[in-house]
Structures are given as C-alpha cells and as structure tokens.
Protein chains: 2
Amino acid sequence: MTPTPERGAATIEQVARVAGVSRSTVSRVLGGGERVSPEALTAVREAISALNYVPSRAARSLASRQTHAIALIVPEDTTRFFGDPYFAAIVSGIESRLRETDYILNLFIASDDPRSKTASYIESGNVDGAIVVSHHTSDTYVERIAQAVPVVYGGRPVRTRDGDYFVDVDNVLAGEEATAYLISRGARRIGMITGPRDMRAGIDRLEGHRRALAAVGLPEGPIEDGGFTRAGGAEAARRILDGGEPFDALFVASDLMARGAIDALRDADLRVPDDVLIVGFDDSPVAIGATPALTTIRQPSFHAGELITNTLLSRLRGEPAEHATVLPTELIIRDSA
Amino acid sequence: MTPTPERGAATIEQVARVAGVSRSTVSRVLGGGERVSPEALTAVREAISALNYVPSRAARSLASRQTHAIALIVPEDTTRFFGDPYFAAIVSGIESRLRETDYILNLFIASDDPRSKTASYIESGNVDGAIVVSHHTSDTYVERIAQAVPVVYGGRPVRTRDGDYFVDVDNVLAGEEATAYLISRGARRIGMITGPRDMRAGIDRLEGHRRALAAVGLPEGPIEDGGFTRAGGAEAARRILDGGEPFDALFVASDLMARGAIDALRDADLRVPDDVLIVGFDDSPVAIGATPALTTIRQPSFHAGELITNTLLSRLRGEPAEHATVLPTELIIRDSA
DNA sequence: TTGTAGGCGTTATCAC
DNA sequence: GTGATAACGCCTACAA
C-alpha cells in the first residue's frame, strides 16, 4: 500500500515510522549511513524514496549550525555584472562546481544597495561562506564579511592580507606581455586604457604595461581609465584622441573596453590595426565578435570559478587550502594587433 | 557600558535580557511593533542595535514555516543564461524589486542538471515561491514546482492553464508588426529565423509573422529555428542561404540571433540592409552594438522583471494579483531595415 | 547498532 | 500589553 504523504513535506519522524526505526537512525542514514545495520539502511532508504522525503533546510541549519548556503557577492551594479562576459564565465564555473554539492548559491549584487544590509545578513550566520568577485578599495564591508565567514576572492583583493584566500592570474606579467607584444609589432607610442585604479586588476595590468615600456626605454603614452565597461572604453579612447598626444597602439585592459575603443577610433576615422594596434584582455566571447577580431590575453575565468569554489569548499570542510592560486594567461593573436 | 556581544550572532533571548523584557515582546517588535508599549518598543530597538542583532533565518523559517526566499528558475544552460542580454534585463528587474524586501534570491540554472533535484528542493518547502523564466514544453518539472509553491512565469508558459500567473508581451502582435514593417519597406520575399518551437515566444512570433504575410497575400519565405543564440542565428541564416530560396528580408526573433545572421550574410557577401532587410527582437544592448544598428521590436524586459516580482510578492502576501500582465512592445527603427 | 532526550532560535497560542 | 510555554524539524551526545 502506498504511504499517504500528508500535506506538505515529509518529516524525518514520518520516515522513521514508515521504516520502523527511530529518528536517530534515519538521521544517521542521512549523514552517510555509518553505524547503521544493512537492514535498517535499506528500510530507511525505501521509506525516504517512498515518501519523497527531503530534509528541511531550515531545521537542519538550526540544529547543525550550518546553512549549506554560500553567498556570491558582486560589488558591482547589475548592469556591469550582466554586461561583462567575465562574470558570466566565472559564475558559470562556480555554478558548475557547486552543482555537484548540496550547497546553494545566494546572489548578492551588492553595489546598488546599502552595503551593510548584505554584510549583516551574512554576519548573522545565514551563509557558511562567501565568494567575492571584483573587489574595490572602497568595499570595506567585504572585510566585515571576511571576519564573519570564510571568504575566497576571485581576483586578489586590493590590499592582500595574510590569511586571504584568492584565485587570480598574474596581471602584472600579463600586462607586460601584452605591451611587449605591441612593441614587437613595431608600436612605439603605446597608450593604455586601464580598469579602475581601485581594483587590483586595474592597478596590476597598468604596472605590467609600464614595466614593458621601461624595459625597452620607451616613454609612456596616453593613459585613461575606462572603468571596465564598453561605454567607458569608448569614452577613454575619445579622451585620448582629444588629448592630441599621438599613439600607434593601445593596450586595453578588457575586451569589452576594447570594443568601445574600437568604436570610438572608427568614429575618428582611425583603422584597427592599420592605424592603431590593439590588444585586449580576457579573451571573452566579445573578442571574436569584434571587428577586427581581438588580439587579447586569455585568462581562464571559468576554471577560476571552479577553483574558487573548490578552495571555499575545502575551507568549509576544515581542510587546508591554497591561499594563493595563480592561473596562467596566454596571448591570443588575432587581427587587431 | 558596552554590551559584550558573545561570539556568534546575538539571539532574541539576549536582546530580551538587555531590553528587560521577554522574548515574546521582542518578537512582537520584530513583527511590526503592534501591541507593544512605547517604552518597551524603544528599549527593544535600542537593544537590537546595541547588539547588532539580526534574526536567524533558519529559526524563523522553522517556526513560521516561511523561508523568505524565492527561487529564480532558469531552464537553460549557463551559456545561454549569461549570453543573452534578455536575461540580464529581466533578472536586473527582479533583483531591484526584491532588494526593497527582505526576500532573498536563490538561483537555479536548471537545465544542466537532473531537473528533479531542483524540483524536490523546492517541493520540500525551501522557498516560498518561484519565478520561472524561459519555459520549454519539455520542462515538466516546472509543473511539479508550480504545484508546490506559487509560481509566476516570465513569458507565458507553453500551455497556459487556468490559474497560471505570468507577465509577457503580445508576441503575436509584435511579430505581426515586425513583418508588416518589412512589407512596408518593400520586402516581398520575407524569411524568418525563429526561436525554439517548444517555447511560447518562439511559437507566437512566428504566428504573428504568418499573419502579417497572410494579411497581404504574400507567400511564406524560408523559415529556420535559431534557438535564440547567436551561433544558432548564424547557422539558421546559413541554412536559409543553402536552401537557395530567394529572400529580400528576414524577421529574426531575437537581436542575438540577428547578429549571428548578419555575420552569416556578410560571409555570403550579402549586405544589410542593401541586399537583405532585417528586423530583430528585444532591443537589447546588442541591437545598437550591431553593424548596422538593428531595427527591432523593443520589449520592456527590466520592467517585466519588476512586475513578475510584484505579482509573486502579492501572491505570497495572499493578496489578489493579475493572472496575465501583458506589456506593450514598440518598433524601434534603426539601420537594418 | 540503536533509541532517548535535549537543544538550536523563532513564532504562535495561550493565559494573565 | 505582556510573558510563559509549546511547537517547528533536525542533529548530537549519551545511554542502552
């Protein structure tokens, strides 16, 4: 006879009754089936599937003091979050790894709202850990969060502290490679469109750019901040154009900005790569979509998402984890330089 | 003297002690402050802020049988979710509305995994309600979900049932308008790249297209499914090209597919709009990014996200809500037709 | 290996 | 208005 599941979800109590054991035994089975007799084990399992039982997350959290939830904190506005393929890739990686576990993802697009709301939510033990992608100097609430729960950063935090965990690429090295390539292609007056200077990626790529220039004794070209958006990239290019300083190449710190820059150059009747060489960054889908296809620095964002999640998961299990995971980048040569 | 917050989050018990009242009174204050004396009220409020108290979500859920969480279910793979600006817009709208409440968003990119996992999670009372965007015929698990909690659809479900709640545009009318415009521009052999036929938006836009053709007695041109992706749009265009059937215009059911189609046409040395007129759909950011800028049907996706959320919130409060909310579309004329 | 007994932090239902 | 006192569903010693 089919057990009649009463209205609402089944409870552990009902499972126990149907299986003819106590709640504790059911609970043990749920916890992995250690120290349970084979008979009890199968009885419980059958009862579980017969009742279509799934544990109540709330009750479990309350008793075990774990939420099995992790927060994804994006200190950006929704426009930038959804507008930049970089986030798409990294979140996909996080998602795909998390899917193998029973952790759940709580999404906080934190920039638009009073930060303290996100922070106090997390401080109150509503998630077990947090992933922070895209960290700005001004995001002090992130430090409050890091004090409350284990945090892993996607991209090293602006001021890295001992004990921080992060997954990143070597942006200095990558920036250096980008500009060195431009030099090797014959460019001599190389400008740059940077990311925000309050972000590690913004700072480091510029640093690499400068090193490459210094290495061969070339002077700095025009430098403008494009804010990691397409529109910002276009504006930065326009400012560079308006500045009047001559340039024959541009290292642009993200593919998205590079597209904007190309738009602006085209409006000024400059051709890429004929008049201006361009190297982007990310190798996101927009790199191939651009005309001309972008020469760019590939960074493994999807994989980074997976590793970020792995690191956090290890920490949550109390296992040791790598503090700094640095992934390799690769110069991808296409048509823009 | 500063109250010493013990390790971990403060509890309602501690607040009560500091305020010199009982837990019940604190709970009442939390619940809105009805039937509480002014003195008690301020005392409790002070205690709360002094202790930096935030209620435990788990405990509250357990006792009140509400989770204050809502599920966002996207029956697509992550690539499509992050690749299509339509989702960006609608999720932004949802997010922005939810931010004003104390509801939290649980993200389920459901297509890649065994659907039943998502469904049983929700059936077990782990969320109060769900929003489903992008519904396919094959997504039967959605119906299980709809039986367990209030659901509101973004885009009407494939087979609408009495009692369903959804926010949508009139895709038939919009499709009709798109093709009618093409006709008015002189096109006579009009093909179409559709969305998947197992989705309402895919079906309805095609229906509108056919009506417009029928209205003036024009024959049907080539029709291919582009799966609502850029690559799919390009392939569909190639199939149309290969088919050999002549055409002077294309109604493409999404801007993303339209971009793909333009790429494919360009590869075949066809120029837009000189050789082929194109009308897209969505008016997403890619519409202006395309070359030439896309003439398209604008649908208010961000606003739809807000309204979806409003509808769900009303239902959760037990208030009456509109079953069908139909938003207007608008033809935006640019360069592609 | 199994069951019993608390307790996790809230809300809800009562009397007072 | 206020405060005991049960639930809520699960986990975790502890005892058997």
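Convention: sequence-line order gives letters A, B, ...; per-chain numbering from 1.
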* Can we say B:Arg28 and B:Glu34 salt-bridge, meaning some charged N sits less than 4.0 Å from an Asp/Glu carboxylate O? -> no

* Using modelled atom types only, decide if a donor and an acceptor are shared between the side chain of A:Asn52 and the backbone of A:Ser49 within a distance under 3.5 Å. =>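 Side chain of A:Asn52 to backbone of A:Ser49, a donor-acceptor pair under 3.5 Å: no, none is there.
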
* Sidechain-backbone polar pair: A:Thr309 side chain, A:Gly305 backbone, donor-acceptor under 3.5 Å -> yes

* Asked: Sequence neighbours excluded, which residues qualify as side-chain contact (heavy atoms from CB on, under 4.5 Å) partners of A:Pro157?
  -> A:His135, A:Tyr153, A:Thr160, A:Asp164, A:Phe166

* Asked: In chain order, what residues pass the salt bridge (Lys or Arg N to Asp or Glu O under 4.0 Å) check against B:Glu319, with sequence neighbours excluded?
  -> B:Arg317

* **Listed partners of A:Arg315 passing salt bridge (Lys or Arg N to Asp or Glu O under 4.0 Å), at least two apart** =>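 Listed in chain order: nothing, the list is empty.
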
* To do: Check A:Ile90, A:Ile109, A:Leu107 against A:Leu72 for a side-chain contact (heavy atoms from CB on, under 4.5 Å) and give me the one that passes.
  => A:Leu107

* Asked: Is there side-chain contact between B:Tyr121 and A:Ile104, with at least one heavy-atom pair below 4.5 Å?
  -> yes

* **Degree of bending in the helix from C:dT1-D:dA16 to C:dC16-D:dG1 once both end axes are built from five pairs, to 10°** =>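 Rounded value for the end-axis angle: 40°.
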
* Rounded distance (nearest 0.5 Å) linking atom CD of A:Glu100 with atom CD of A:Glu306 -> 8.0 Å

* Begin with the C-alpha distance, continue with both residues' side-chain angles, and end with the deciding distance and a verdict on side-chain contact (heavy atoms from CB on, under 4.5 Å) for B:Ser56 and B:Thr11. => CA-CA 8 Å; B:Ser56 150; B:Thr11 76; over 6 Å; no

* For each nucleotide in nucleotides 7-14 of chain C, reading 5' to 3', give B when a protein heavy atom comes within less than 4.0 Å of its base, S when such contact involves only the sugar-phosphate, and - otherwise. => BBBBSB--

* For DNA chain D, which nucleotides open and close the run of contacts to chain A, 5' to 3', at under 4.0 angstrom from a non-hydrogen atom? ->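 With heavy atoms of chain A under 4.0 Å away, the range is D:dG9 to D:dT12.
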
